[in-house]
Amino acid sequence: MNLTKELKRFVSEDRVSKNETVLSLHSKDESFHTPRQPDVVVFPIDTEEVVNILKFANENEIPVVPFGVGSGLEGQVIPIKGGISLDFQLMNQIVEISPVDLLVRVQPGVMRKHLNKELGKYGLFFSVDPGADASIGGMAATNASGTTAVRYGSMKENVRNLQVVLAEGKIIQTGGKAKKSSSGYHLTELFVGSEGTLGIFTEITLKVYGISEMITAARAVFPSVKQAVQAAVSLLSLGVPIARIELLDARSIKQINMATGSKYVEDVTLFLEFHGIKDSLANEVYLTKELFIDSGCYQFEFESDSNGRARLWDARHNLFYAYLHSNPGKKMMNTDVCVPLSKLAEAVEQSRKFIDESGLDGTVAGHIGDGNFHAGIVIDPKNPFDMARANRVNEQIVDFALTHGGTCTGEHGVGLGKMKYQKREHGDALDIMKSFKRVLDPKGILNPGKIFE
Ligand SMILES: Cc1cc2nc3c(=O)[nH]c(=O)nc-3n(C[C@H](O)[C@H](O)[C@H](O)COP(=O)(O)OP(=O)(O)OC[C@H]3O[C@@H](n4cnc5c(N)ncnc54)[C@H](O)[C@@H]3O)c2cc1C
């Protein structure tokens, strides 16, 4: 069959591509996983085209892999069985902003930063911030979270409804506009985080928030991970509504200084952000500072102007690239465990120890208010010795998390890299997940070979 010719029956010629550069761009994401090109890349412009493509692909048992912008970290968009890469960059419209309902309805190719620029005109913002400027479709499909989840939650808490095209081309709505519902099974939660394996999102309704009257950021330096984590946990126990609380270990701060020319003290550091009303915010910041100093913090500095805040968060968000730019040609293997807060300090300390023992370089940083952190290990994916050592560190960290009631992935998703831990983490519940997959995608055309074989 001439796949390109067949697809041009549903989509205009200029939006079906077999160009070598385009195929290569759709063969990989930001992870270390081995690239594999799709047979063809298609750029749909509306739901009807997606329906027609899926009907055709299902009839002919051709794999379809949805593609946002490829910022994923577990190989989710790699078309390991070939087929069609369905790129949503042209479905990039904000369909409706409803300020009174605090909702926005978007197409999946809308980018997070663009959405926030438009919402800003209404005094609103969308909270989920994975650092990378990801597409809303990709973020919903990975249940992305990031720095602000401690206050506002992950995608699961912020997606109100999905319009989904199922494998055989049927369109469903998984929710509605109501703030809560006890009506039937909660399908939105099932589809959020399904990594393109259960259905394809063509519209997403998101919860949005009013922009706070005041935003203040701060940096708090501690002599040990244990003290920093204890301080963070005490803060959360007091009910201070902190909007971001990020931990970077001493090695990570050193890398940021090298990459950006900043002069942060090279010790365990918490980056913080507070959102609120002027008077109450001043009290919260004062309380935090006192509590932190009692917990061993020896430097607490504010970043109250917007440039200082932007520099702080850029430094945090660019940590991944700060390592890669000083190691040309290398990649990063990212762990992404999430553990109960009572085990967090030990988990972070152990992770640093595992990296150091392996002889590899890397960062330990994370969204500690959620118990979620990343060890990013610098590797040459073509060097079997590097890979063996990094895989060992990854396994040691996941083993610690699973032994203590945590999960192998807090936000990056399963993709290819965390597949091997699924049985251990979910036991017999994995069979229930597989049965949902069989019901929704009986021919297994949707992103095959991801989450489970
Ligand atoms: C430097 C860096 C930092 C990061 N930090 C974070 C972080 O803090 N928190 C976090 O959560 N993530 C983080 N990530 C990972 C990444 O940004 C997220 O996984 C993001 O959600 C992926 O969005 P994307 O648009 O790039 O999706 P892609 O990578 O293109 O796709 C991801 C998944 O979504 C599916 N998909 C895409 N569109 C659709 C659709 N319309 N319907 C159904 N399925 C679809 C794909 O098939 C794939 O399975 C980071 C990445 C980088 C590079």
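What you see below is based on every heavy atom in this structure, not just the backbone, and it leaves out hydrogens, waters and symmetry mates. Atoms within each ligand, like the ligands themselves, are counted from 1 in listed order.
Ring geometry for Phe125 against Tyr209 counts as tilted: the plane angle lies between 30° and 60°, on a 0 to 90° scale.
Annotation: the span from Glu203 atom CD to Gln173 atom CD amounts to 7.0 Å, rounded to 0.5 Å. The line from CZ of Arg316 to CZ of Arg219 is 15.0 Å long, rounded to the nearest 0.5 Å. In this structure, OG1 in Thr205 is found 8.0 Å from CG in Leu162, a value given to the nearest 0.5 Å.
Phe88 has its ring centre no less than 6.0 Å from the ring centre of Phe67.
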Under the criterion ring-ring contact (aromatic ring centres under 6.0 Å, His included), I'd like the reasoning laid out for Phe222 against Phe292: C-alpha separation, chi angles, the key distance, then a yes or no. CA-CA 9 Å; Phe222 292 82; Phe292 277 17; 5.5 Å; yes

Under a 3.5 Å threshold, I'd like every N/O contact between ligand 1 and protein atoms, with atom names and distance.
unit_1   : atom_1 : unit_2 : atom_2 : d
ligand 1 : 5 (N)  : Pro130 : O      : 2.6
ligand 1 : 8 (O)  : Pro130 : O      : 3.4
ligand 1 : 8 (O)  : His367 : NE2    : 3.3
ligand 1 : 8 (O)  : Glu411 : OE2    : 3.2
ligand 1 : 9 (N)  : Glu411 : OE1    : 3.3
ligand 1 : 9 (N)  : Glu411 : OE2    : 2.9
ligand 1 : 11 (O) : Ser145 : N      : 3.0
ligand 1 : 17 (O) : Ser71  : OG     : 2.8
ligand 1 : 21 (O) : Thr142 : OG1    : 2.9
ligand 1 : 25 (O) : Val69  : N      : 3.2
ligand 1 : 25 (O) : Ser135 : N      : 2.9
ligand 1 : 25 (O) : Ser135 : OG     : 2.7
ligand 1 : 26 (O) : Gly70  : N      : 3.3
ligand 1 : 26 (O) : Ser71  : N      : 2.7
ligand 1 : 26 (O) : Ser71  : OG     : 2.7
ligand 1 : 29 (O) : Ser71  : N      : 3.4
ligand 1 : 29 (O) : Gly72  : N      : 3.0
ligand 1 : 30 (O) : Gly68  : N      : 2.8
ligand 1 : 30 (O) : Val69  : N      : 3.2
ligand 1 : 30 (O) : Gly70  : N      : 2.8
ligand 1 : 41 (N) : Phe201 : O      : 3.1
ligand 1 : 42 (N) : Phe201 : N      : 2.9
ligand 1 : 47 (O) : Pro66  : O      : 2.6
ligand 1 : 49 (O) : Glu195 : O      : 3.1

